[in-house]
Structure formats: C-alpha cells, structure tokens
Amino acid sequence: MIIVLKPGISRKEEALVLKEIKKLGYRPHVMRGVERTVVGAIGDERTHNTLEALTVMPGVESVMPVQKRYKLVSREAHKGNSTIDVRGNIIGGKKVQIMAGPCSVESEKQLLTTAHAVKKAGATILRGGAFKPRTSPYEFQGLGEKGLKLLAKARKETGLAIITELLSEQQAEMVAEYADILQIGARNAQNFQLLIAAAKTGKPVMLKRGLSMRIDEWLLAGEYVLANENANLMFCERGIRTFETYTRNTLDLSTIPIIKKESHCPIVIDPSQGAGRADLVVAMCKGAVAMGADALIIEVHPNPAEALSDAAQQLSLEGFAKLMEELKPFIAAAGRE
Ligand code: PEP
Ligand code: MN
C-alpha cells in the first residue's frame, strides 16, 4: 500500500502513522519529497489487514492499494491455463467445449429428445435447470430432484456430462450427486455461503457473472471456490444490466481477454441469457469463439415456443445443428478444435 501524507504534516503525526502501519503488520518505508512525504507499507495486502482505515488519521491524505485483492484465481498464482476434466472433456484446453440443452428440464421426452439432438450435433455437456431462479414466484420453478434424475438418465443414454444449477447450500450435496458441473447462477454470484458449499462438494463449479457485478467482484467471488480447496472453477459471462433494452442483457465479450489476462481459470460464454433473443445467438457464439472463449453454453429446446422458461432465447434442434456447422471455421480460425 502507498500512504500519501498531507503537506505540512508534523513529525509527531507522521510518527503516529508509522506506528499504526507497524501495528497492522506492515514495514513502513518513508520517501521524503520536496513538498510531501509518501510511505510505502511493505507486506502482503491480501493476507494482512487493509490499511484503508488510515485515511481517518490526521495527516493522511490517501491510501492506495498496489496489489490485487484476489490471489488464487489470479494469473500470478498460476502461469499456465488451468484445465478442468469433466468426464474426459477438457475445459480450458484446445477443444472449445459446447454445453447445450434446455433452460429448464420440463419432461423426460423434452430432455431426452434435446440430449440426443445436441449430442449428434457435437455438444459434449448437457445443460438443464432443475431448480430455477425465477424472477416471479408464480413462474415455473423447475422439477427439482425429479429433474436431476432425468438429467442423470439423459447422461446414461447419451454419455453427455451434466451441468445444472443449485440455488441453496442445502441443495449442494444432492445436486452434486447427479451433476458433473455445479452452476452458480447470476442471481447467486455473490452468495458466498453457497459458493463455499458448492466448492466443498469437490465438483467443478461454473460461476456466472452477477447482473451488476464488476469484474474484480466476480474474480473475488471465484476466489471463494479456490480458497475452499476446489481448483476446478470456470467463469461464465452471461450479460450484464445496462441502459440498453434492445437485448435482455448486454453480453460483455470483453470479459474473454480480461479473464484470460487476470486469471488462469477457463471462461465460458452464455449468449442465450446474454442476448435473450434466439436470432442473435449464432453471431454472439462466433464472436465468443473468435475471441478465445473456452466453452459456450447454449439453450436449446425441441419446441422453443412452448418452453416453460426463456422461450425467446432458445434455439430449436435444427437451429442448434446449423449453429454447430457455422461455428466450425471460427473454431479453426481461433486455433482451436
Ligand atoms: C440459466 O442458465 O438458465 C440461468 C438462469 O442463468 P443466469 O443465472 O445466467 O440468469
Ligand atoms: Mn435460461
């Protein structure tokens, strides 16, 4: 941390500031300029107390951190790219993994039809919500454990791995029994107890970006997973709230190079929640792949018009097969498979 002292600070006040810095576990290094004095507080800001409280001391003008607050998720902690093995499918490796399936698991027929179709088109992971975080309590809330059982059945029939969301700490063990990846939804992205419970199951965790979450907050939320002995974390950008209403959210593709720069964890793009419109999904997928996304998660439904949730943004089975064909040159151009 850098502590900038006010011009004209007395030696007595300065001594009090230095004493406080030492008390908080840092070594002060005083740099005297012509007009003012700056103190470098030497110590690990991520493990020591913050010195921000020093701003209330007379004589202190400002306190500036020099280190980032996240540690285990940061690129500095791990120079290479982390990879996550999900039933033999490597996320964060050369292959762009495609997760696809309905927004919600609605019935056996709906799920199995979708699972077989997305598998045939080249997806490796099946998505589908059994516990749904709906904005209104009167909307379809998901099939619960019955939905998880259907996902497990679909995995058995197709060999696809399963990703599904959990909404509460109490569900962590149960969802982890069925799922291969635990999804933390946008609405729970800073539910730290949930993140800890998910991490502790030992299953890979996909952390969506919150609706109004800054990138540093997202990285810090991810830190909860790694700090709880679970190295298998992936981030998922799914669009943020902006002033724009043409799209449901604003899909922030800048997070791909940013997460790659700041973190070693894989980045997944969700163009379905991001755009909220099926007609934009193909273009957003192409952009995401070209920019280096490690995986895509795409909503697909056998009859989108009848979907019980997110009808406007789900691709039909044919639409998904066409997308997979159209993506091929973009995947190759990005040097991926
Ligand atoms: C979903 O994947 O269907 C979903 C609810 O996602 P999000 O948490 O990003 O809104
Ligand atoms: Mn959805």
Side-chain angles (χ1 to χ4, degrees), residues 97-106 110-111 114 118 123 125-137 139-144 147-148 150-151 161-168 171 175 179-191 194-195 198 204-213 215 217-218 221-222 233-242 247-253 255 259 267-278 280-281 284-285 288 293 295-316 319-320:
Q97 299 291 347
I98 308 293
M99 312 179 186
C103 175
S104 301
V105 178
E106 298 171 5
Q110 172 244 19
L111 187 68
T114 312
V118 299
I125 299 164
L126 177 66
R127 67 147 288 150
F131 296 100
K132 294 302 299 178
R134 304 308 302 279
T135 300
S136 161
E139 290 168 345
F140 178 60
Q141 303 287 310
L143 296 180
L148 297 176
L150 292 176
L151 286 164
I162 300 297
I163 178 166
T164 196
E165 180 167 358
L166 67 163
L167 298 178
S168 72
Q171 290 165 358
V175 176
D180 300 303
I181 307 172
L182 302 182
Q183 173 174 327
I184 304 286
R187 289 154 194 83
N188 271 316
Q190 282 183 302
N191 181 339
L194 178 61
L195 282 163
V205 174
M206 186 180 84
L207 172 60
K208 294 241 192 164
R209 184 179 181 185
L211 277 71
S212 303
M213 205 179 197
I215 289 168
E217 293 168 327
W218 191 21
L233 169 72
M234 61 199 99
F235 290 98
C236 177
E237 162 66 35
R238 47 76 74 205
I240 48 172
R241 280 280 167 80
T242 67
T247 46
R248 179 181 177 190
N249 293 297
T250 297
L251 185 65
D252 183 3
L253 289 181
T255 53
I259 292 293
I267 172 85
V268 183
I269 295 294
D270 179 343
S272 306
Q273 326 300 320
R277 302 167 45 135
L280 299 180
V281 166
M284 301 318 270
C285 286
L296 301 172
I297 180 161
I298 302 159
E299 289 188 346
V300 182
H301 194 286
N303 187 354
E306 283 183 7
L308 297 180
S309 60
D310 289 350
Q313 67 196 34
Q314 307 210 45
L315 295 184
S316 64
F320 178 72

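Just so it is clear, the model here is predicted, and its values are computed rather than measured. When a ligand or atom number is given, it counts from 1 through the structure's own listing order.
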Check whether any side-chain heavy atom of [X] sits under 4.5 Å from a side-chain heavy atom of [Y], and report yes or no.
{"X": "S104", "Y": "Q110", "result": "no"}
{"X": "E306", "Y": "E106", "result": "no"}
{"X": "E139", "Y": "S309", "result": "no"}

Over all atoms of both residues, closest heavy-atom pair of R248 and Q273: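 R248 and Q273 have their closest heavy atoms at NH1-OE1, 3.5 Å.
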How close do L251 and G274 get, heavy atom to heavy atom, and via which atoms?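 Minimum heavy-atom contact is CD1-CA, 3.9 Å.
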Starting from the Mn ion (ligand 2), look over the N/O/S atoms of D310 and name the nearest one.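 Closest N, O or S atom of D310 to the Mn ion (ligand 2): OD2.
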For the Mn ion (ligand 2), find the closest N/O/S atom belonging to E299 and write down its atom name.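 Of all N, O or S atoms in E299, the Mn ion (ligand 2) lies closest to OE2.
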Where is the nearest protein heavy atom to [atom]: which residue, which atom, and how far?
{"atom": "atom 9 (O) of ligand 1", "answer": "R238 NE, 2.6 Å"}
{"atom": "atom 1 (C) of ligand 1", "answer": "Q273 NE2, 3.3 Å"}
{"atom": "atom 8 (O) of ligand 1", "answer": "A186 N, 2.7 Å"}
{"atom": "atom 6 (O) of ligand 1", "answer": "K208 NZ, 3.1 Å"}
{"atom": "atom 2 (O) of ligand 1", "answer": "R127 NH1, 2.8 Å"}

Is the shortest distance from a heavy atom of C103 to ligand 1 less than 4.0 Å?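 True for this residue.
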If you count the atoms of ligand 1 from 1 in the order shown, which ones are under 4.0 Å from a heavy atom of G185?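 So the answer, numbered in order with elements, is 8 (O).
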Proximal ligand 1 atoms for E299, defined as those under 4.0 Å from one of its heavy atoms: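 Contacts of ligand 1 toward E299, numbered from 1: 1 (C), 3 (O).
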Compute the shortest N/O to N/O distance between Q183 and ligand 1 and return yes if it is under 3.5 Å, no if not.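 N/O-N/O distance below 3.5 Å exists for this pair.
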Side chain or backbone, does R248 bring an N or O within less than 3.5 Å of an N or O on ligand 1?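 N/O-N/O distance below 3.5 Å does not exist for this pair.
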